[in-house]
Amino acid sequence: MQRNWIGRSVGAHIVFPIVGTPHQASPAPDPPSGRVPRGFPSVTRGEEDSLKVFTTRVDTLFGATYMVVAPEHPMTEALCGMGRCPAEGRRRIEEMLRTSKARRTDETAEKIGVDTGARCRNPATGEAIPIFVANYVVMDYGTGAVMAVPTHDQRDFEFAKKYNLPLRVVIQPPGGTLNAEEMRTAYVEDGALVNSGPFDGLSNRTAMEKMAGWLKDRGQGGPTVTYRLRDWGISRQRYWGNPIPVITCDGCGIKPVPESDLPVRLPEDAVFAAHGGNPLARVESFVRAACPDCGKPARRETDTMDTFVDSSWYFARYTDASNGRAPFDRSKADAWLPVDQYIGGIEHACLHLLYARFFHKVMRDLGLLSSDEPFTRLLTQGMVLLGGSKMSKSKGNIVDQDDMVEKYGADTVRLFILFAAPPEKDLEWNESGVQGCFRFLKRLWRLIDLIETEKRRNGETERSVYVKLQQTIRKFRGDVEGRFQFNTAIAACMEFLNVLEADRDVQSPKLQTQEIPGRDFLQSAKGAGGVGPAQRREAMKAILSLLSPFVPHIAAEGWRRLGLEGEAETASLPEADLSALDVDRVQIAVQVNGKVRGRIEIDAGAAEPDVARAALALPNVAQETSGRKIEKQIYVPRRLFSVVVR
RNA sequence: GCCGGAGUGGCGGAAUGGCAGACGCGCGGGACUCAAAAUCCCGUGGGGGUCACCCCUCGUGUGGGUUCAAGUCCCUCCUCCGGCACCA
C-alpha cells in the first residue's frame, strides 16, 4: 500500500523547446493564486524557453502531437502572452484556477482545454505542436506538463477528438495495422514502432530504453524516476500542538526562532472559544516577539504542527527522554531502536507509518541515529465495528462500556474483548458472548473458593492433569508471545479449567450426592479422578499468573486468597515442563488413499514397521486393502500413518 | 481501474500441508426448584446406514491443478471490506 502511496514511476523526462522567445512576452511567471510551489523543477532558471515533461511512455514520443499543461503551471501566463491567447481563453483558465482541485480533477468532470496559441517543438520529429492548458492536468505530479499522444493514450485520444487535434499512429499491434482515421479508442498495448525515425521496427518495450538514452545523448532529456509523495500540511490552526518556531518581521521577512530561544512554549493563559479560530492568535503576549535579525517588533507564528510531526519521531526521543541538550543521544537511540513491535490500525498503514519511516530516514541521514527503519514488526489491529462501520463518536454508533462493567465487572469485559476475535481482525460488536466469559470467571472463582478452604495441602497427583497443564502453559505462551493470539490463549485456559473441574472433588457437594449418568465415564475419559489439593493449588497458581494480564483484579485477589508469595501481576510467567510433554503413548490416524479409516494408539517412539503392522491390522483398514497392492506407505511420526493402495 | 485484506456450522471463531469445526455463544434434552433465575450434566455441520457401540458419505465462496494427503500451496473467477484513483 505504501508503494502505491509513494507512487514510484519509472520513465523519462523530455525537453520540448518553445517556439519563439518567451523573454519578450510578459515575464510574470508569478503564480496567479500563490498555489504554485516555487522552484518547481518544471521551470528552472535559464530554461524558460522550454517545457519539460515526464512520461512513462517515451516510446510514443514520435506520436506526440500536442502538449497539455496544468492551469497552475508557472509558464501558463507567459504561454498565453506569447500565443496571443484571446481574452475568452484566459478567462476560462482563470475559472479553472478558481475551481477547487478536487472538483476539477474529479473523474467525471468534463475535460476542458484552452489553446494558448503558443507552440513547442517535438524534439523527435522537430515539428511545432500546439500547447493547451487543461483542467485535468495536475501540478503535483511529474512536471505539470504532459506530452499528449492521442493514438496511444485513451485520455489524450478523447481530448484530441474533442478539440480536433491531429493523430499519428506510432505503434502497430502484432499482426494488425492501425489507421488513425478509423481508430475509435487509443491503442495502449504493446507492438512494433512505426513513424518513429530510427526506431521503426523495434518493439516498443525495447524502444523505451533506447529512446531515453537517445534523448540523453542529444541533451533533450533522459531516463527519470518520479514519485507522487503527497503534500502534507503540517500547520494547524489550533492550540494543541507544537508551535512552529518562526517569527515574521515586516522588514526582514520570515525568520526562524534562534536555537537559544527554543523551545517555544505554549502560553497558559489562552482563552478558548467556540468560534474565532486559533486561540493562540488572541494571546498578545505570545504573538508579540522581537525580530531575531533586527530586533524590531515582529509577530510570532500562531499555527501549530500536526500531531503526525510528533508521532513520527517520538519513539526515538523515548530512548533518551530527559536529554536537555539534544533530541536524544545517538548511542542510546542505537541501543534501543528500531522499535520491536508497532501496533496500530490499518488507517496508519499509509500515513503514520510512511511519515515515520520518512522522518527516521532523515534522522539517519543527519547522523542522529544508525538504523534504517524505525519499526521491525507490524501488527495491524482490527477495528471494532457496529452496524458495519467503525465505531466512532462522530457517527454516534458507540457502546458505553460502563454499563457492561457495571453488570459484569471490568475483568469480564476485558476478557471478552480479547477472546472475541484475534487482534488483527475487525470485530462486529456483539455482546452475546460476554456471558460465556462471565461464567468462566465465576467458575474460576468457585474453584479458588474450594482451594482456599481446603485443609489438606498434599494429596495425589494426576499425571494427565499435570501434562494438560504443561500443554496449556506452552500453548498460552506461544500464542501470546509469538502471535498475539489472545483468543486462543484464553481458550486454552478454559479448556484446562474444564479438565480440572471434571474432578469429583471440585464439583459442588450437592451434585456429588447425585447420580449423574455418564459422569463416571467422563471422569475416566478425562483422567481427572485423582487430583489432590496440592496439585489443584499449583495448577491454579499457574493459571492465575497466566491470566493476570487479562483479568488483573480477579488474578490479584485469587493470588492473595491462596496465600501465594508476591503478587500475581509481578510473578513471572510459569515455564512449561517440556519433559512432561514427551508423552509415551500417542494416538495416530490411519489413512487409506487419503481417507481416515481408523485410529491406533502406539508408543510415541514406535518404528515404522511396527506402526504399519498395527495399522494394517485394523479391520476397516484390512477391508480396504485386502486384495489390493500396497503402493506406498507414509508415516508421519506421532501424527498419522497413510497407506496408498491400488 | 490499481493496491491491500477477508470469505470455514445458526453466530464469534480454531486448525507448523497430516483426524476440519478447539474454545465460547446460541439451540435441543435432562437434573435441581412449588416455580423461575443461577448452577450442573448430555447432545449439537448436512445426508444416510443391518442409527446403543459403530460405520459410510458430502462438506472450508467458485471452477481447475499440485500432492499419498489441501481450509492451508498454485492458477481462474465471484462476493464483501479498506485505501488510492484523469498520475501522464
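A note on names: the letters A, B, ... follow the listed sequences, proteins ahead of strands, and every chain is numbered from 1.
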(request) Examine the base of C68(B) for any acceptor or donor lying under 3.5 Å from a partner atom in the side chain of Ser642(A), and report the outcome as yes or no. (result) yes
(request) Confirm from the modelled atom types if Glu428(A) and G12(B) form a donor-acceptor pair under 3.5 Å, side chain to base only. (result)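 Side chain to base: no pair below 3.5 Å.
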(request) Could I get the full list of side-chain contact (heavy atoms from CB on, under 4.5 Å) partners for Gln401(A), not counting sequence neighbours? (result)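 Per chain and number, Gln401(A) pairs via side-chain contact (heavy atoms from CB on, under 4.5 Å) with Val413(A), Ile417(A).
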Name the nucleic acid region contacted by [X], choosing base, sugar-phosphate or nothing; use a 4.0 angstrom heavy-atom cut-off, strictly under.
X	result
Ser9(A)	sugar-phosphate
Gln633(A)	nothing
Gln591(A)	base
Arg483(A)	sugar-phosphate

(request) If the glycosidic angle is within 90 degrees of 0 it's syn, otherwise anti, so just tell me which one G43(B) is. (result)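 Chi for G43(B) falls in the anti range.
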(request) Answer with yes or no whether the side chains of Asn135(A) and Arg92(A) bring together a donor and an acceptor at under 3.5 Å. (result)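 Side chains of Arg92(A) and Asn135(A): no pair found under 3.5 Å.
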(request) Quickly work out the Met139(A) CE to C86(B) P distance and round it to whole Å. (result)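 Checked: the CE to P distance equals 17 Å.
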(message) Using atom C1' in both nucleotides, what's the gap between C84(B) and C73(B) to the nearest angstrom?
(response) 30 Å
(request) May I ask you to say whether Arg57(A) pairs ionically with Asp153(A), meaning some side-chain N is under 4.0 Å from a carboxylate O? (result)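 A salt bridge is absent here (no side-chain N lies under 4.0 Å from a carboxylate O).
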(request) Could you pull out the closest heavy-atom pair between Ala604(A) and Val586(A), with the gap in Å? (result) CA-CG2, 3.9 Å
(request) Specify the residue among Ser432(A) and Thr56(A) whose closest nucleotide of RNA chain B lies further upstream toward the 5′ end. (result) Ser432(A)
(message) Taking ring pair (Phe, Tyr, Trp, His ring centres under 6.0 Å) as the criterion, tell me which of Tyr66(A), Phe157(A), Phe132(A) meets it with Tyr163(A).
(response) Phe132(A)
(message) Just to verify, which of Phe486(A), Phe416(A), Phe419(A), Phe440(A) counts as forming a ring pair (Phe, Tyr, Trp, His ring centres under 6.0 Å) with Phe550(A)?
(response)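 Answer to the ring pair (Phe, Tyr, Trp, His ring centres under 6.0 Å) test with Phe550(A) among Phe486(A), Phe416(A), Phe419(A), Phe440(A): Phe486(A).
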(request) Using a 4.0 Å heavy-atom cut-off, write out nucleotides 43-60 of chain B from 5' to 3' as B (base contacted by protein), S (sugar-phosphate only) or - (no contact). (result) ------------SSSS--
